[in-house]
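Since the structure comes first, as structure tokens, the remarks are kept for the end.
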Amino acid sequence: MSEKKVRVRFAPSPTGPLHIGGVRTALFNYLFAMKNNGDFVLRIEDTDQTRYVEGAEQYIIDSLKWCNVHFSEGQGIGGDFGPYRQSERKNIYKKYVDILLSNGSAYYAFDTPEELDLMRKRLQEEKAPNQQYNAITRNSMKNSFTLSDDEIKAKIDSGKAFVIRFKMPENLELKFQDIIRGEISVNTSTLDDKVLFKSDGLPTYHLANVVDDFLMKISHVIRGEEWLPSLPLHTLLYSAFGWENEMPEFAHLPLLLKPNGKGKLSKRDGDKGGFPVFPLEWKTQSGEVFSGFKESGYFDDAFINMLAFLGWNPGTEQEIFSMEELEKVFSLEKVGKSGAKFSLEKAKWYNHQYIQNKSDDSLAELFHTELEEKGISCEKSLLTKIIGLIKDRVDFANELWKQTHFFFEPPKEFDKKVVKKKWKENTPVIISDLKNHLSEIEDFTSENIEKTTKNWMEQKQLGMGQVMNAFRLTIVGSNSGPHLFDIIEILGKKETLKRIEFALGNI
């Protein structure tokens with residue numbers, strides 16, 4: 001590892017909502033910075049104005065905030081290396097593209113879109129092995145290699161649209177190190193002359209990315225595998241500028257894969273599979289709404305824990321990590337090369353673990369707000385007790401109502417399948433007799449009710465199946481719920497008897 005100060009950046013484009021793959025990239029950058037007492041920078045790369053989406057930048061910031069992935073410098077909070085929005089750095093890049101033009105590392109190209117299409121069609125017809133704008137094809141196009149200096153100047157002066165392309169060296173074997181993937185070799189004959197700058201005065205991603213990383217003193221570039229093909233160009237740009245000694249170390253993270261492991265996880269996969277792929281809910285300008293992990297009931301810390309294990313593994317049996325623990329143990333050396341499958345079941349499992357680890361008090365506080373919205377009042381101590389009974393039955397906080405509604409509302413109807421199966425011809429007589437028994441109990445606590453009721457059943461020579469299923473049906477309306485005697489202790493004698501009476505008259 002380099003001895004220079006660790007500075008990493010997360011540099012998303014505001015072209016839509018932040019995918020969980022992007023959140024994972026931000027998380028790994030953040031954890032690496034925290035582990036090494038470094039800086040984590042947020043930079044917004046908005047040079048492609050044609051794909052800019054209103055609200056996307058704020059969505060990125062809000063998402064990172066919810067995930068507790070806090071940047072120490074960058075868009076929204078400032079720092080010593082700003083501005084941190086690339087469109088506001090427009091005047092910076094011209095200086096650097098001029099350096100490349102002057103040292104022969106870049107050149108002007110005036111080809112129209114139609115001429116570029118014709119070139120590609122010709123190469124396809126010829127079945128050329130490399131059908132790109134490269135060291136061979138550049139010699140037959142309209143650029144600095146086929147035009148005189150006077151012709152180039154005349155075209156620029158007349159306002160002719162142009163781009164500035166990188167001059168890719170011919171047949172050069174490149175070797176570079178990736179922290180995750182080890183040594184990588186590429187021959188430049190397979191690469192094209194990428195566009196670096198356009199006549200509208202804006203750089204492309206490649207130029208702006210490298211210049212900004214250099215100026216912001218970025219020590220490590222940790223990004224997704226999809227940027228691996230850009231690595232040769234980026235390393236060559238560092239060399240072209242004479243910045244070899246300032247080149248960051250690179251680490252390319254494995255792809256996030258569909259649940260079946262076939263292909264990159266996309267928004268459409270979430271639509272099909274019924275799960276979110278964005279941290280927060282996203283509303284398009286056309287009114288379409290995509291669910292977020294937050295709105296789907298996931299806790300921020302469970303979401304982050306789940307994400308950390310998509311491509312990284314601590315090498316131990318431990319699976320539950322707080323953010324503070326992740327900051328201490330995370331390392332890029334333990335990030336795998338192969339793609340990481342997203343599993344909805346594993347995501348639910350993580351959230352379930354975090355539900356179980358939260359105190360009954362904190363969940364009761366969370367649930368209390370939902371009850372107030374429903375117009376239901378309940379003492380905090382009683383609500384805490386209810387939460388303790390059903391907590392292990394839920395994966396998400398938004399499932400609490402489904403598991404507890406019968407504590408607050410008596411059943412108005414009864415599960416037909418349970419009625420058909422458990423409510424026999426002699427059941428009304430048995431339940432009516434049970435009601436009389438319960439009315440005589442003074443100590444209406446779960447333990448005492450259960451003890452005396454079992455004695456009563458023994459005296460009446462009644463089996464558990466004859467009584468308990470029907471009893472639960474009268475109280476809950478179905479065959480679900482926690483220990484029945486715990487339920488009726490919370491309901492109290494009056495409400496219990498009232499529910500049995502209603503059931504006897506309505507089943």
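Residues take their numbers from the sequence shown, with the count starting at 1.
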Discussion item. Side chains of N357 and Q353: any donor to acceptor distance under 3.5 Å?
Written reply: no

Discussion item. Would you call the rings of F278 and F290 parallel, tilted or perpendicular, taking 30° and 60° as the class edges?
Written reply: perpendicular

Item to complete: Using the ring of F299 (Phe, Tyr or Trp, six-membered ring only), decide whether K358 places NZ or CZ under 6.0 Å from its centre and within 45 degrees of its axis.
Response: yes

Worksheet item: Are E450 and H483 close enough, and set up right, to give a side chain to side chain donor-acceptor pair (under 3.5 Å), and what steps lead you there?
Response: CA-CA 10 Å; E450 183 173 6; H483 191 53; 3.1 Å; yes

Fill in: Any donor-acceptor N/O pair, D192 side chain to K194 backbone, under 3.5 Å
no

Item to complete: Measure up the F321 and F309 rings against each other and bin them: parallel (under 30°), tilted (30 to 60°), perpendicular (over 60°).
Response: tilted

Discussion item. Regarding K435 and E501, does a basic nitrogen lie under 4.0 Å from an acidic carboxylate oxygen?
Written reply: yes

Worksheet item: Does K391 reach the main-chain N or O of Q356 with its side chain, forming a donor-acceptor pair under 3.5 Å?
Response: yes

Worksheet item: Counting only N and O atoms by type, is there a donor-acceptor contact under 3.5 Å from the side chain of S291 to the main-chain atoms of E281?
Response: no

Practice prompt. List the steps and the verdict of salt bridge (Lys or Arg N to Asp or Glu O under 4.0 Å) for E324 and K328.
Written response: CA-CA 7 Å; E324 292 74 21; K328 290 176 183 175; over 6 Å; no

Discussion item. Does K451 form a salt bridge (Lys or Arg N to Asp or Glu O under 4.0 Å) with E447? I'd like the steps, not just the answer.
Written reply: CA-CA 6 Å; K451 179 183 175 182; E447 187 178 357; over 6 Å; no

Worksheet item: N448 side chain to F444 main-chain N or O, any donor-acceptor pair under 3.5 Å?
Response: no

Item to complete: With side-chain contact (heavy atoms from CB on, under 4.5 Å) as the test, would you mind laying out the steps for T235 and F250 before giving the verdict?
Response: CA-CA 10 Å; T235 56; F250 290 91; 4.2 Å; yes

Item to complete: Taking all non-hydrogen atoms of both residues into account, name the closest pair between I92 and V211 and its distance.
Response: CG2-CG1, 4.3 Å

Worksheet entry | Heavy-atom side-chain contact between D39 and V8 under 4.5 Å | no

Practice prompt. Take the angle between the ring planes of F28 and F330 and call it parallel below 30°, perpendicular above 60°, tilted in between.
Written response: tilted

Worksheet item: With a 4.5 Å heavy-atom cut-off, do C378 and H368 have their side chains touching?
Response: no

Discussion item. Using side-chain heavy atoms (C-beta onward) and a distance below 4.5 Å, is V418 in contact with K421?
Written reply: no

Discussion item. Evaluate T384 against D360 for side chain to side chain donor-acceptor pair (under 3.5 Å), listing each step before the verdict.
Written reply: CA-CA 5 Å; T384 300; D360 295 348; over 6 Å; no

Fill in: Check: E225 side chain, P254 main-chain N or O, donor-acceptor pair, under 3.5 Å
no

Discussion item. Could you walk me through whether F414 and N506 satisfy the side-chain contact (heavy atoms from CB on, under 4.5 Å) test, starting with their C-alpha distance in whole Å, then the side-chain angles of each, then the deciding distance to 0.1 Å, before giving a yes or no?
Written reply: CA-CA 9 Å; F414 301 88; N506 289 277; 4.3 Å; yes

Discussion item. Check whether D415 reaches the backbone of K417 with its side chain - one donor and one acceptor, N or O, closer than 3.5 Å.
Written reply: yes

Worksheet, complete the sentence: Which of V335, L27, L253 passes side chain to side chain contact (heavy atoms under 4.5 Å, CB included) with W312? It is V335

Item to complete: Kindly say whether H252 contributes a backbone atom to a donor-acceptor pair with the side chain of R181 at under 3.5 angstrom?
Response: yes

Worksheet item: Does the side chain of T15 pick up a donor-acceptor pair with the side chain of S13 at under 3.5 Å?
Response: no

Fill in: Test item: T190 side-chain N/O and V186 main-chain N/O as donor-acceptor pair under 3.5 Å
no

Worksheet item: Heavy-atom distance under 4.5 Å between the side chains of F176 and I184, does that happen here?
Response: yes

Worksheet item: So, do N209 and R223 sit near enough that their side-chain heavy atoms are less than 4.5 Å apart?
Response: yes

Worksheet entry | Trace of the salt bridge (Lys or Arg N to Asp or Glu O under 4.0 Å) decision for R85 with E88 | CA-CA 6 Å; R85 189 188 284 128; E88 296 174 7; 2.2 Å; yes

Fill in: Distance, nearest 0.5 Å, that separates OG of S239 from CE of M247
4.5 Å

Item to complete: I would like to know whether R9 and I218 meet side-chain contact (heavy atoms from CB on, under 4.5 Å); could you show each step before the answer?
Response: CA-CA 7 Å; R9 49 60 169 185; I218 299 302; 3.6 Å; yes

Discussion item. Does atom CG (D80) have a neighbourhood of more than 12 heavy atoms from anything else shown, all under 6.0 Å?
Written reply: no

Item to complete: Walk me through it: do Y205 and W227 pass the test ring-ring contact (aromatic ring centres under 6.0 Å, His included)?
Response: CA-CA 11 Å; Y205 162 81; W227 295 113; 4.3 Å; yes

Worksheet item: Are side-chain heavy atoms of T496 and I475 found at a separation under 4.5 Å?
Response: yes

Worksheet item: Passes salt bridge (Lys or Arg N to Asp or Glu O under 4.0 Å), K385 versus E489? Steps please.
Response: CA-CA 11 Å; K385 191 173 182 180; E489 177 189 326; 2.7 Å; yes

Worksheet item: Does a salt bridge link K374 with E372, judged by any charged N lying under 4.0 Å from a carboxylate O?
Response: no

Fill in: pair I61-L42: side-chain heavy atoms closer than 4.5 Å
yes

Worksheet item: Does the pair D48 and T50 meet the rule for a side chain to side chain donor-acceptor pair (under 3.5 Å), with working shown?
Response: CA-CA 6 Å; D48 189 351; T50 59; 2.5 Å; yes

Discussion item. What verdict does the side chain to side chain donor-acceptor pair (under 3.5 Å) test give for K175 and S185, after you've listed the backbone C-alpha separation in whole Å, the side-chain angles of each residue and the deciding distance to 0.1 Å?
Written reply: CA-CA 5 Å; K175 293 183 186 295; S185 298; 3.2 Å; yes

Practice prompt. Side-chain contact test, heavy atoms from C-beta onward, threshold under 4.5 Å: evaluate it for L389 versus I490 and give yes or no.
Written response: yes

Response to the item:
Of Y298, F293, F396, the one forming a ring-ring contact (aromatic ring centres under 6.0 Å, His included) with F303 is F293

Discussion item. Keeping Q318 on the side-chain end and I320 on the backbone end, is there a donor-acceptor pair under 3.5 Å?
Written reply: yes

Item to complete: Taking the six-membered ring of Y350 (Phe, Tyr or Trp), confirm whether the NZ or CZ of K346 is under 6.0 Å from its centre and within 45° of its axis.
Response: yes

Worksheet item: Under the side chain to side chain donor-acceptor pair (under 3.5 Å) rule, what pairs show up with a residue in residues 68-77, not counting sequence neighbours?
Response: R7-E73, E57-Q75, N68-D300, E73-Y84

Discussion item. Treating Y354 as the side-chain partner and D395 as the backbone partner, does any N or O pair qualify as donor plus acceptor under 3.5 Å?
Written reply: no

Practice prompt. Check the pair V69 / M323 against side-chain contact (heavy atoms from CB on, under 4.5 Å), numbers first and verdict last.
Written response: CA-CA 9 Å; V69 175; M323 184 69 93; 4.3 Å; yes

Discussion item. Measuring from atom NZ of K198 to atom CG of L207, what distance do you get when rounded to the nearest 0.5 angstrom?
Written reply: 11.0 Å

Worksheet item: Should the pair F40 and F71 be assigned to parallel (<30°), tilted (30 to 60°) or perpendicular (>60°) ring geometry?
Response: perpendicular

Practice prompt. Apply salt bridge (charged side-chain N to carboxylate O under 4.0 Å, His left out) to K422 and list each qualifying residue two or more places apart in sequence or on a separate chain.
Written response: none

Item to complete: Test Y96 against every option in Y238, F214, W243, F197 by the ring-ring contact (aromatic ring centres under 6.0 Å, His included) rule and name the one that passes.
Response: W243

Worksheet item: With ring centroids as reference points, do F166 and H206 lie under 6.0 angstrom apart?
Response: no

